[in-house]
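Taking it in order: structure first as C-alpha cells, then the write-up.
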Amino acid sequence: MSCNLELEEPLRLASADEVNQLISIYERHLPSTVQFVLLLENIKRMQAIICDSELENASHRFRKSIYVLKDRDIKQHATFVAIGPDKDIFIIPHTLQNPPIELTEAIRVTKYIKWKLHPVFVIEANNEIQEHLSQAAESRNLKLQVWSDCLNYWMPKQKASKVTYSVPQDVTLRPLQEEHAQFLNDTWPYRYEQSKWYIETAIRVNGGFGLFDTKDESLVACVFKNDHDSVGHLYTIPSRTQRGYGSTLAKAITKKIAFQDNQHALAFISPSNEQSIRIFTKIGYLPVSRTLWLSSKPATKNQLS
C-alpha cells in the first residue's frame with residue numbers, strides 16, 4: 001500500500017541543480033518573473049547556509065524547500081511549489097504553464113501541504129490558481145481570505161546599482177540589529193504570532209537599515225530585505241514623516257541589493273500606499289506584477305453552504 005501512495009504523490013524535492021535550473025528559466029522571462037527569481041535565490045542561499053549553527057533557529061519562513069513535479073521535465077513548464085516548515089508555513093506555488101493544469105492538480109493531491117496547520121499561500125494574482133486553491137481549501141472545510149495584496153515594483157540590478165542617496169542631517173544611517181525587531185514588529189500591520197521571529201531572522205541573514213535620531217539615538221525609520229529577497233517594511237514613525245526618510249532608506253536598500261548582493265531590486269507595495277508608490281517610482285522602479293497572500297481559516301457553516 002505504501003508504494004501505491006508514493007506513486008500517487010505528484011511532487012518531489014528538487015535537487016540543488018534543479019533549483020539552479022529553475023532560476024535560469026525564470027531569468028529568461030524577466031521582468032514578469034523577477035519575484036520568483038529572487039524567491040528561488042533566497043531559498044538556494046538559505047539551504048546552503050542553514051546548517052551553520054547560528055541559523056539553526058532561523059524563522060521557518062527562511063527555511064522553505066522547493067518541490068517539483070515527479071516525472072516531468074523542469075524545462076517544460078518550470079513548475080514548483082515552495083513550502084515552509086510547520087511553525088511558519090508559507091507556501092508559494094508557480095508555473096509557466098498556462099493554464100496551470102499540472103500545478104493546480106498537484107496542489108489538490110499532494111501530501112506535502114499540511115492544510116490542518118492553516119498555511120498562508122503566496123501567489124501571483126492569477127485568478128485560475130486562486131480559484132483552484134479555494135476549491136482545495138473548501139474540500140478540507142477551510143476558507144481562503146486575502147491577508148495582503150501588493151503591487152510589485154522592480155528595477156534591474158544594473159540600474160539599481162547606480163542609485164545614489166544622501167542622509168538628512170538630523171539622522172544617521174546604520175544597519176539594523178536584531179534588537180530592533182520588536183520595534184519593526186510593533187509597527188507592522190501584518191504582524192502575527194511568529195512575525196517577530198521572522199523579522200529577527202531577516203535582519204540577521206538579509207540585512208536592513210535604520211535612521212536614528214542624532215540627538216537621542218532613537219530609531220525613527222527602517223527598512224529590511226525580506227524572505228523573498230525583496231524590499232520590505234519601509235516605515236517612518238508618524239511624527240517624522242515628510243522629511244525624506246523613506247526615500248533615503250528605499251535608495252539605500254536598493255543600492256545594497258543590487259551592488260552588494262548582485263540581485264535585481266523588487267518592492268512589495270500596498271495599492272493604497274500612494275506615498276510609497278511615489279517614492280519607488282521616483283527612484284526608477286517600474287510596476288511589474290501583483291502578489292496575493294491568502295490565509296486559510298476554518299470555514300463557517302454559512303461559508304460552506
For the student: nearest non-hydrogen atoms of [X] and [Y], plus distance:
| X | Y | answer |
| --- | --- | --- |
| Ser289 | Gln35 | OG-OE1, 4.4 Å |
| Ile237 | Leu219 | CG2-O, 4.3 Å |
| Val223 | Gly232 | CG2-O, 3.5 Å |
| Ile279 | Ser247 | CG2-CA, 3.8 Å |
| His228 | Leu38 | O-CB, 3.3 Å |
| Tyr26 | Ala78 | OH-O, 2.7 Å |

Atom CD of Glu274: over 12 foreign heavy atoms under 6.0 Å
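Counting neighbours around CD of Glu274, 12 or fewer heavy atoms of other residues, nucleotides or ligands fall under 6.0 Å, so no.
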Tell me, with the steps shown, if Tyr153 and Phe280 meet ring pair (Phe, Tyr, Trp, His ring centres under 6.0 Å).
CA-CA 8 Å; Tyr153 285 75; Phe280 283 93; 7.6 Å; no
Name of the residue among Thr172, Leu173, Leu249 meeting side-chain contact (heavy atoms from CB on, under 4.5 Å) with Val167
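That would be Leu173; it is the only one of Thr172, Leu173, Leu249 passing the side-chain contact (heavy atoms from CB on, under 4.5 Å) with Val167.
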side-chain contact (heavy atoms from CB on, under 4.5 Å) partner of Ile74, the single match among Val19, Val68, Thr79:
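Of Val19, Val68, Thr79, side-chain contact (heavy atoms from CB on, under 4.5 Å) with Ile74 is met by Val68 alone.
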According to a hydrophobic-cluster definition based on side-chain heavy atoms being under 4.5 Å apart (Ile, Leu, Val, Met, Phe, Trp, Tyr only), do [X] and [Y] belong together?
| X | Y | result |
| --- | --- | --- |
| Ile101 | Ile113 | no |
| Ile49 | Leu40 | yes |
| Val81 | Leu117 | yes |

Are the ring centres of Phe224 and His180 closer than 6.0 Å?
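No.
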Determine whether [X] and [Y] make a side-chain contact, defined as any pair of heavy atoms from C-beta on separated by less than 4.5 Å.
| X | Y | result |
| --- | --- | --- |
| Ser59 | Glu200 | no |
| Thr33 | Leu96 | yes |
| Phe90 | Tyr198 | no |
| Gln275 | Gln242 | yes |
| Ile269 | Leu234 | no |
| His264 | Glu27 | no |
| Asp213 | Arg240 | yes |
| Asp170 | Arg243 | yes |

Carboxylate-amine/guanidinium proximity below 4.0 Å for Lys44 and Glu41:
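Judged by the 4.0 Å cut-off on N to carboxylate O distance, Lys44 and Glu41 do not form a salt bridge.
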Salt bridge check: are Lys143 and Glu138 linked by an N-O gap of less than 4.0 Å?
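Here Lys143 pairs with Glu138 in a salt bridge, since their nearest N and O are under 4.0 Å apart.
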Would you confirm whether [X], through its side chain, and [Y], through its main-chain N or O, come within 3.5 Å as a donor-acceptor pair?
| X | Y | answer |
| --- | --- | --- |
| Trp197 | Asn57 | yes |
| His94 | Phe36 | no |
| His60 | Lys87 | yes |

Rounded at 0.5 Å granularity, tell me how far NZ in Lys70 sits from CD in Glu8.
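Here the interatomic distance stands at 10.0 Å.
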What's the separation between atom CZ in Arg72 and atom CZ in Arg12, rounded to the nearest 0.5 Å?
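It is 11.5 Å, given to the nearest 0.5 Å.
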For the pair Tyr67 and Ile83, evaluate side chain to side chain contact (heavy atoms under 4.5 Å, CB included) and give the outcome as yes or no after the intermediate values.
CA-CA 8 Å; Tyr67 294 84; Ile83 302 178; 3.8 Å; yes
Decide yes or no on side chain to side chain contact (heavy atoms under 4.5 Å, CB included) for Asn273 and Leu151, but give the supporting numbers first.
CA-CA 10 Å; Asn273 192 339; Leu151 300 174; over 6 Å; no
For Ile257 and Asp229, what are the C-alpha separation, side-chain angles and deciding distance, and is it a side chain to side chain contact (heavy atoms under 4.5 Å, CB included)?
CA-CA 8 Å; Ile257 289 171; Asp229 274 2; over 6 Å; no
Is the His233 ring parallel, tilted or perpendicular to the Tyr235 ring (thresholds 30°, 60°)?
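The arrangement is tilted - the two ring planes meet at 30° to 60°.
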Testing the 3.5 Å rule here: is there a donor-acceptor pair between the side chains of [X] and [Y]?
| X | Y | result |
| --- | --- | --- |
| Asp17 | Ser15 | no |
| Glu124 | Thr291 | no |
| Asn206 | Arg45 | yes |
| Ser295 | Tyr192 | no |
| Gln182 | Asp186 | yes |

Can you list the steps and then say if Leu142 with His118 is a side chain to side chain contact (heavy atoms under 4.5 Å, CB included)?
CA-CA 8 Å; Leu142 297 172; His118 303 162; 3.6 Å; yes
I need the single residue from Trp115, Trp147, Trp293 that forms a ring pair (Phe, Tyr, Trp, His ring centres under 6.0 Å) with Phe121. Which is it?
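Per the ring pair (Phe, Tyr, Trp, His ring centres under 6.0 Å) rule, the option paired with Phe121 is Trp115, out of Trp115, Trp147, Trp293.
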